[in-house]
Every structure is written in C-alpha cells, then in structure tokens.
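The chains referred to below are lettered A, B, ... by the order of the sequence lines, with proteins before strands, and numbering in each begins at 1. This one's a predicted model, so the numbers in the text were calculated from it and none came from an experiment.
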Amino acid sequence: MSDSEAAPTNFIRQRVAADLSGARVSEVVTRFPPEPNGYLHIGHAKSICLNFGIADDFDGRCFLRFDDTNPEKEEMEFVESIQRDVRWLGFNWQDRLTHASDYFERLYEFAMELVLNSNAYVCSLSAEEIRESRGTLTEPGKESPFRNRSVEENIDLFNRMREGEFADGEHVLRARIDMTSGNLNMRDPVLYRIRHQVHQITGDRWCIYPLYDFTHCISDAIEGVTHSLCTLEFEDHRPLYDWVLDNTSVSCHPQQIEFSRLALDYTVMSKRMLTQLVRENHVSTWDDPRMPTIAGLRRRGYTPASIRLFCERIGVTKKDNRIEMSLLENCVREDLESSAPRRMAVIDPLKVVINNYPEDLEETFSAANHPADAGFGTREVPFAKEIYIERSDFMIDPPRKFFRLGPGREVRLRYAYLVTCTGYDTDDNGDVTTVYCDYDNQSHGGNAPDGRKVKGTIHWVSAKHAIPAEVRLYDRLFMRENPVESKQHHFSEFINPDSLITVTNAMLEPALASAENESRFQFERLGYFCVDEDSTAGQPVFNRTVTLRDSWAKQRGQGS
RNA sequence: UGGGGUGUAGCCAAGAGGUCUAAGGCACCGGAUUUUGAUUCCGGCAUUCCCAGGUUCGAAUCCUGGCACCCCAGCCA
C-alpha cells in the first residue's frame, strides 16, 4: 500500500502490543465469529481485517468460528458463502475452522457446573413472564419464583430438558446473578432454551441450545483466544462475559474489547435489512452488485486488495462513524488504476462516417494496455470507415470549453487519427443519428503531423468489428445517506430507482471478446468494468464497478 | 442520581502535559504535465481539539461541572 501512509495502528493493536511486551500473553489469538444467517458484508470485512490482520502482524493465530447456536435462522448456504468470502478477501484460517456447536457437550458440562454451584437455575416462567419480571431501564426486576430451587431439582430438570422431556419454552436455564442490576444483561440472563429444531450440523442430537452470552465467552476460552474483539453493542455484555468465565472452570479468560461498527453512506448494513432487500426482490440476490455484501462487491468488480485498503483507511475506534462512499470508491480506483488493462468501449453509440476514408480499407492500430506500465503490452485495434463514438462526445452547438467533437471541430480518435467534423444528420426529433468527419491521413496513430495542438482525445470502436454487449451501470442503492434515519419512513422507500441501468447495445473493441468471468478492465474515459457471470459466448455482460473521476462532469455541475 | 459508551476539519483519523500556531487519508479548491477532461505532480485546506471553569511556567492531552449524541428491557447474535 502507499508508503506515505502510516502503518495501521489503533487502540486495539496498541493493547495487543502492550499485552505481548508486558508478557500478559505469550501469543495473540483472535477469532472471527460470524453467525451463518446471511452473507458477509463490508462491515464484517472490517472485523475480518482486524482479527486476521492482528494475528498475521503479531505472529498469532485467528480462528474462523461459526456462531451456530440458533438453528432456526442458520443455513448451510451461508456457512459456505462465508468461507468463500473470507478466503477471497485473502485470509487463511488454516486448520482453525470451528463451530460453537463443536462445543455443545462441553458447554453443557460448564452449565452443569453453574447449576452445581447454585449459580444457575431452571426457570419455568414463560417468556412473557420473564420479560415482565425483568423490570425496565429505570426499575429493578423481580426475582423468579423458581430462583431458589434446590441444586438437586435443578440438576434433574436440566438433564430432563436435554433429554427432550419438555416442550419448547417450558423451561429455561438462567444464571443467578442480580435482578436489581442497572445492567439488564445481569438480571438472571437466560443461558439455555429448549428448541426442538434440527441443527445444520448436529442434526437432532440436541433440543436445548445455549444462548450467545453463555456460548461466546466459553468458546473463546476453549480456543485460547486472548483478545475477543466485537462491536460496541456488546459492551454491556462484557460483565456477563466475565461473570461466566469467572464462575466456571474454564482455564483461560480472554479479554473482550469493543470497537464501533462500520456505517457506509447510501446503504444499509444490518443482516436483517439486507435479508429483506433480497426477500422482497429490491435486489436480485445476496451478490447483487448493488449490495454492500462481500459477494456483491466482488461481483461489482471490487478487488480483495481494495477492500483491505478501505478497512485500513477507515481505522478502528469506539466512535460512531459513517463513511462516505467516495472513500470506498477511491480505494478501488487506486487499486484498479495500476492493475486493470485498458480497453475501448462505447456505451451509448453514435455512428461516425469518415468521408474521405476508403470504403473497403481496414487498418489496425497498436494500443497500449496501460499508459504508464509497458509491462501490460499492447493490442491491435481495428479501424474502418464507420466507427462508433460516445454520444456525449458530440454536441451540435458545443460551449467553448467542450474539448470534444462538434461541427467544424477537430479531435483525436485515440491511437488512430485526427478527424474534423464536417456535418451530421438528425432524425425527426432532432436527435443526431450520424456524424460525418474528414480524417487527416498524415495523423496516423493520432499524431499531429505539424505538431498542432488537439485538445480532445476520444475513444471509439470500429462499427464492423464491434462486439455488442450488455453493460450494467450501477449507482448508489439508496437516495439517502442514512436510509434508516427517518422514523416515519421505511428504508425501502428510499431505494434509488436508477440504481441499475442496463444498456443492451454497448459496443466493445474485439479484444474484449474473450474476457474471462470476473476479469476487470478500464474502459478508457468511462470507468472500471468487470465481466459478469451472466455473460454468454455471444453476449458479454459487463458491470460498471466505478466511474473514473470526471472533472468535466463536475465542472458542468453534474455527477456521473 | 438506571446502566454502558462517545465527543479533534465536510467524512474518517493520529495525538498519551512541552517537539501541536494539531500527522495522514478521503472530499474540496487552485496550478503543472498528459494521445484517457483519467493517472501523476506540486500547492491550499482546524491559532484550534463539544462547552465552561480549574491545575500547571506550559493542556487536545490532567481535574471539576455542564451539554450533545449512541447502545441496552430477544428463550437473536
């Protein structure tokens, strides 16, 4: 990455470094613990880069652990996509792929310890009764009438819960802590619930499932995690995290450290809302290129390096934050600028006839695949009497600062010739249908024979050689920076109706015919594009990842 | 007087009592180079760190008191 930027540092890395140098830990162990109930998004990428990044940089280890304690919401499709996405991002968990469900038996034993020491009890209140007795933010809760069941009775009941003697919801196991705590999480939290539900891995072996607060800390401890990094909303859970570890015989006590989650302008970042976008068909799939999912960004054309760079640049703090889209976009542009080969493509074709160019002549011009890196090589681009140029590169009555084509104006056809506009045809609506030009046959390759200045250089594609293609132009998914800010409007009301514009008659230079799925190019003067998996042999499909910076559009007061 | 957090430029974010008339990135505004109005390059962009007091020779950094914003009342994670 760029040398001028400081190496990643943040309060968590500083703490890890201090723990290592102070010998509080001898090796750093972290974990990325997704629940397989949806696809990973860019916010998860922040956590992945943090956890795996720290392990890599401090010579430690990082686990990929599925937090699979709620079989109702979890699916195999998600566990597969998560692994695919983490790997694609460039991280390697080696043999450290685990599941909270791997520990169900041990979790049960630790729960039994709590029961044995009167630190947990079986509560037979209904869910509603538990809620009602929990109190409120300002009033203490009331103790459950089952709070003082004997250890023997609790052992018996808890065992029978496991054996399947009870229906869902009939009993729960609760920690016995403090119903008057100002921290609601400490008001005798539920540790286990009965759920007769097939689990994607353990099948029907269990009908009781441990909850997050009990599972997570113990799973961390079992794996020898030293620093358990999570988002801010778990801050209130830390006392419970510590309580469970302090009251069971687990031999290790990881430190939970919280950081703020990522918010990105013009999108939403909760799995609940992303799930809704997919289910309600506001987008096509989890990997729709408009989605902030890793899979969506990938299909959009983002590179793993660009996402890692982004995660590095946004930093890690405890402050609520909202990142501007331009930061993310700048990261792909920066990566693709040096890595994407250049090509010419016309998205909104306007036919140009070169009056004085021989009818049946065909030439070929050598074009650099990268203007600043000869290592990319060159390719041959065919040229003939009829070509296509971008409709926006011609104006009937252009303003003075317009450097492109207009009646009587001369421009350079990139790598080919200098041409001067001699006229144009329009249809009944006054729309231009054909532009006529004369070319300077002394300007082969686009070089002015007399050294005259030609300010404008435009891209083009030979009409008879062009490959028709579909191009999908993406824009922000929402029209509001923060789609969930409004209390009276549902976020789906703010979906940008123009977030996807499909162009079916784009014209590509022939070198693009054989582009492989997911390969990325810069279409000169337009932006970066990526081959979509919907491409077929006869009809390539390209997704626009991001436009190029466009100071001309800016000057005219418009976006892209 | 429920508990837990956070406040440094438009957006992120360094900063840990003196080297701060406060790094870096994005955005923005110039200007140079350019066969992509791209890239690259140079320059500009907080006398001020939520506010008010205080401690100190010296405070964004320490203390006190305010204010603002975020999170928590799932048998979700």
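- Inspection of the A/Arg261 and A/His44 side chains reveals no N or O donor paired with an N or O acceptor under 3.5 Å.
- Spacing between atom CD1 of A/Ile130 and atom P of B/rC76 amounts to 11 Å, rounded to whole angstrom units.
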Walk me through it: do A/Tyr302 and A/Glu329 pass the test side-chain contact (heavy atoms from CB on, under 4.5 Å)? CA-CA 9 Å; A/Tyr302 276 75; A/Glu329 292 177 340; 4.0 Å; yes

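- B/rA60 sits 11 Å from B/rC51 when the P atoms are compared, rounded to a whole Å.
- Base pairing analysis places B/rU47 opposite nothing; no Watson-Crick or G-U wobble pair with both distances below 3.5 Å involves it.
- Comparing the same atom, P, in B/rC70 and in B/rG24 gives a spacing of 32 Å after rounding to whole Å.
- Using the Watson-Crick or G-U wobble rule with both distances under 3.5 Å, B/rA13 pairs with nothing in any strand shown.
- When the C1' atom of B/rC76 is taken as reference, atom NE2 of A/His216 falls 14 Å away, rounded to whole Å.
- Two rings, from A/Tyr192 and A/Phe214, have their centers less than 6.0 Å apart.
- Pair assignment for B/rC67 gives B/rG7, based on Watson-Crick or G-U wobble hydrogen-bonding distances that are each under 3.5 Å.
- A/Asn37 comes within 4.0 angstrom of no nucleic acid atom, judged by non-hydrogen atoms across all strands.
- Between A/Arg313 and B/rG24, a side-chain N or O to OP1/OP2 separation shorter than 4.0 Å is absent.
- In this structure, of B/rC75, B/rG15, B/rC71, it is B/rG15 that holds the atom nearest to the side chain of A/Gln14.
- In this structure, A/Tyr39 and A/Trp286 have parallel ring planes: the angle between them is below the 30° cut-off, well short of the 60° mark.
- Closest to the side chain of A/His237, out of B/rA77, B/rA13, B/rC12, is B/rA77.
- Counting non-hydrogen atoms under 4.0 angstrom, A/Phe234 reaches a base of the nucleic acid.
- Screening residues 312-339 of chain A for ring pair (Phe, Tyr, Trp, His ring centres under 6.0 Å), with sequence neighbours left out, gives no hits.
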Atom pairs under 3.5 Å, N or O on each side, protein against nucleotides 37-42 of chain B: can you list them with distances?
residue	atom	partner	partner atom	Å
B/rG37	OP1	A/Arg525	NH1	2.9
B/rG37	O2'	A/Ser551	OG	2.3
B/rG37	O2'	A/Trp552	N	3.4
B/rG37	N7	A/Arg404	NH1	2.1
B/rG37	O6	A/Phe403	N	2.9
B/rG37	N1	A/Lys401	O	2.9
B/rG37	N2	A/Lys401	O	3.3
B/rA38	OP1	A/Ser551	OG	3.0
B/rU39	OP1	A/Arg549	NH1	2.0
B/rU39	O2'	A/Glu337	OE2	2.8

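- Using bins of under 30°, 30° to 60° and over 60° for the plane-to-plane angle, the ring pair A/His199/A/Tyr209 lands in the parallel bin.
- Nearest nucleotide to the A/Leu327 side chain, out of B/rC26, B/rU6, B/rC70: B/rC26.
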Output a table of nitrogen or oxygen pairs between the protein and nucleotides 1-4 of chain B separated by less than 3.5 Å.
residue	atom	partner	partner atom	Å
B/rG2	N9	A/Leu137	O	3.0
B/rG2	N2	A/Gly182	O	3.1
B/rG2	N3	A/Leu137	O	3.0
B/rG3	O4'	A/Gly182	O	3.4
B/rG3	N2	A/Asp236	OD1	3.2
B/rG3	N2	A/Asp236	OD2	2.9
B/rG4	O2'	A/Asp236	OD1	3.4

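- For B/rG74, the glycosidic angle deviates from 0 by 90° or less, giving a syn base.
- Of the listed nucleotides (B/rC76, B/rA77, B/rA14), B/rC76 has the atom at the smallest distance from the side chain of A/Arg193.
- If you check distances only, the side chain of A/Glu324 does reach the base of B/rG10 with a donor-acceptor pair under 3.5 Å.
- A donor-acceptor contact under 3.5 angstrom links the side chains of A/Ser47 and A/Asn51, judged on distance only.
- Summarising the base pairing, B/rU56 is matched to no nucleotide, lacking a Watson-Crick or G-U wobble pair whose two defining distances lie under 3.5 Å.
- A/Asn321 and A/Ser260 share a side-chain donor-acceptor pair at under 3.5 Å.
- A straight line from CZ of A/Arg174 to C1' of B/rG74 spans 13 Å, rounded to a whole angstrom.
- A cation-pi arrangement, defined by a distance under 6.0 Å to the six-membered ring centre and an angle within 45 degrees of its axis, is present between A/Arg162 and A/Tyr108.
- Contact between the side-chain N/O atoms of A/Lys318 and the OP1/OP2 oxygens of B/rG7 is not found at any separation under 4.0 Å.
- Among B/rC12, B/rC76, B/rG5, the nucleotide with an atom closest to any side-chain atom of A/Lys73 is B/rC76.
- A/Thr69 comes within contact range of the sugar-phosphate backbone alone, with a heavy-atom separation under 4.0 Å but no base atom that close.
- Using a 4.0 Å heavy-atom cutoff across all strands shown, A/Arg134 reaches sugar-phosphate atoms only and no base atom.
- Closest contact between the side chain of A/Lys319 and the listed nucleotides B/rU6, B/rA73, B/rC76 involves B/rU6.
- Regarding A/Glu258, its CD atom lies at a distance of 9 Å from the P atom of B/rU6, rounded to whole Å.
- In this structure, A/Lys271 places its NZ atom 15 Å from P of B/rC76, rounding to the nearest Å.
- No donor-acceptor contact under 3.5 angstrom links the side chains of A/Glu170 and A/Ser124, judged on distance only.
- Side-chain proximity of A/Ser326 to the nucleotides B/rA77, B/rA27, B/rG5 is greatest for B/rA27.
- Taking 3.5 Å as the limit, the base of B/rC75 and the side chain of A/Arg195 contain a donor-acceptor pair of atoms between them.
- Only the P atoms considered, B/rC50 is 14 Å distant from B/rC11, to the nearest whole Å.
- Side-chain N/O atoms of A/Ser260 include none lying less than 4.0 angstrom from OP1 or OP2 on B/rU6.
- Rounded to an integer number of Å, the gap from CG of A/Leu125 to P of B/rG74 is 14 Å.
- Here, B/rG17 and B/rU56 have their C1' atoms 9 Å apart, quoted to the whole Å.
- A gap of 16 Å separates the C1' atoms of B/rG7 and B/rA46, to the nearest Å.
- In this structure, A/Leu262 atom CG and B/rA13 atom P are separated by 10 Å, rounded to whole Å.
- Listed for the A/Asp220 side chain is no donor-acceptor partner under 3.5 Å among the backbone atoms of A/Pro254.
- Across the protein-nucleic acid pair, A/Gln256 atom CD and B/rC71 atom C1' stand 14 Å apart, rounded to whole Å.
- Below 30°, between 30° and 60°, or above 60°: for A/Phe365 and A/His444 the angle between ring planes is between 30° and 60°, a tilted geometry.
- Residue-level contact check: A/Ser126 touches the bases, meaning some heavy atom is under 4.0 Å from a base atom.
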